[in-house]
Amino acid sequence: MYYVNKEQIAVRLKAIPDITAALEALASGWQGTLLEGLAQERALHLAIETVTDVGSYLIDGFILRDASSYEDIVEITGEAGAFPSSMQPLLIELVKLRKPIVQDYYSWPRAELHAMTRDLPEQLRLFGESVQQYLERELPDESDLRKG
């Protein structure tokens, strides 16, 4: 039997509505101010951490192969069926932003609206829904176990 930390996954998935709301607000009213630039960086960073944290919990809980990178976390969980395969390229592009945002922050182009800010919200919502469905599929709840 697997031990998947569903509580910690749920905590992280609950952040998605706030992250997507921030990204949508930034994309719709972008003027390139310093505050918007910093908010965009943080929202993208939170999206990255959400995807990689959830992926790490899935990898650990379902005893999937070890990940060697952030991109690998996305690939492993995608191969396991945690989200639609069509979403994988966007999620890999997202996690590749981690290094520029976290380590090379001093050269991040804050005045520019990043394409991911427009493209990510709907996909991030779908990611959350897909992970929930994956957990329901892979981990039947106790009431289902009593029926069988």
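These figures come from a predicted structure and were not determined experimentally.
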Open item on the list: Please find the pair of heavy atoms, one from I19 and one from A43, that lie closest to each other, and give the distance.
Closed with: CG2-O, 3.5 Å
Task: In one Ile/Leu/Val/Met/Phe/Trp/Tyr side-chain cluster, 4.5 Å: L139, I63 - done: yes
Open item on the list: Using every non-hydrogen atom in the two residues, find where A39 and L26 come nearest and quote the distance to one decimal.
Closed with: C-CD1, 3.9 Å
TODO: Enter the distance from E79:CD to D72:CG here, rounded to the nearest 0.5 Å.
DONE: 8.0 Å
- [ ] Could you tell me whether F62 and Y134 have their ring centroids closer than 6.0 angstrom?
- [x] yes
Task: Name of the residue among N5, L13, V11 meeting side chain to side chain contact (heavy atoms under 4.5 Å, CB included) with I9 - done: L13
Task: Closest contact, heavy atoms only, L94 versus L44 - done: CD1-O, 4.2 Å
TODO: Keeping the roles fixed (side chain from S130, backbone from L126), state whether a donor-acceptor pair exists under 3.5 Å.
DONE: yes
Task: Close side-chain approach of I76 and L58, heavy atoms under 4.5 Å - done: no
Open item on the list: What I'd like to find out is whether the side chain of V131 reaches to under 4.5 Å of the side chain of T77, using heavy atoms alone.
Closed with: no
Task: Spacing of OG belonging to S56 relative to CD belonging to Q8, to within rounding of 0.5 Å - done: 12.5 Å
Task: Minimum heavy-atom distance between A47 and L124, given as atom pair plus value - done: CB-CD2, 3.9 Å
- [ ] Output the distance between atom OG (S69) and atom NZ (K99), rounded to the nearest 0.5 Å.
- [x] 14.0 Å
Open item on the list: I'd like to know if R125 pairs up with E122 as an ion pair, taking the criterion as any Lys NZ or Arg NE/NH1/NH2 lying under 4.0 Å from an Asp or Glu carboxylate oxygen.
Closed with: yes
- [ ] Answer with yes or no whether the hydrophobic clustering places I101 together with L46; edges join I, L, V, M, F, W, Y residues whose side-chain heavy atoms lie under 4.5 Å apart.
- [x] yes
Open item on the list: Take a 6.0 Å sphere around CG of D66 and say whether it holds more than 12 heavy atoms from other residues, nucleotides or ligands.
Closed with: no
Open item on the list: To the nearest 0.5 Å, what is the distance between CG on L120 and CZ on F127?
Closed with: 10.5 Å
Task: Close side-chain approach of R12 and Y57, heavy atoms under 4.5 Å - done: yes
Open item on the list: For a 4.5 angstrom cut-off between non-hydrogen side-chain atoms, does I59 reach R65?
Closed with: no
TODO: Kindly say whether L35 contributes a backbone atom to a donor-acceptor pair with the side chain of R110 at under 3.5 angstrom?
DONE: no
- [ ] Using a strict cut-off of less than 4.0 Å between a Lys/Arg side-chain nitrogen and an Asp/Glu carboxylate oxygen, indicate whether R118 and E24 qualify as a salt bridge.
- [x] no
Task: Note, L135 side chain near E138 side chain (heavy atom, < 4.5 Å) - done: no
Open item on the list: Is it the case that the side chains of E41 and H45 hold a donor-acceptor pair, with the cut-off being a distance below 3.5 Å and no angle test?
Closed with: no
Task: Heavy-atom donor-acceptor pair, Q40 side chain to E36 backbone, under 3.5 Å - done: no
Task: Considering all heavy atoms, the nearest Q88-V74 contact - done: CG-CG1, 3.9 Å
Task: I73 to G55 - nearest heavy-atom pair and separation - done: CG2-CA, 3.7 Å
Task: Non-hydrogen side-chain atoms of F83 and Q133 separated by less than 4.5 Å - done: no
- [ ] Would you mind reporting whether E93 and D119 have side-chain heavy atoms less than 4.5 Å apart?
- [x] no
Task: Rounded distance [0.5 Å steps], CD1 in I92 versus CE in M87 - done: 12.5 Å
Task: Pair W108 + H114: ring centers closer than 6.0 Å - done: yes
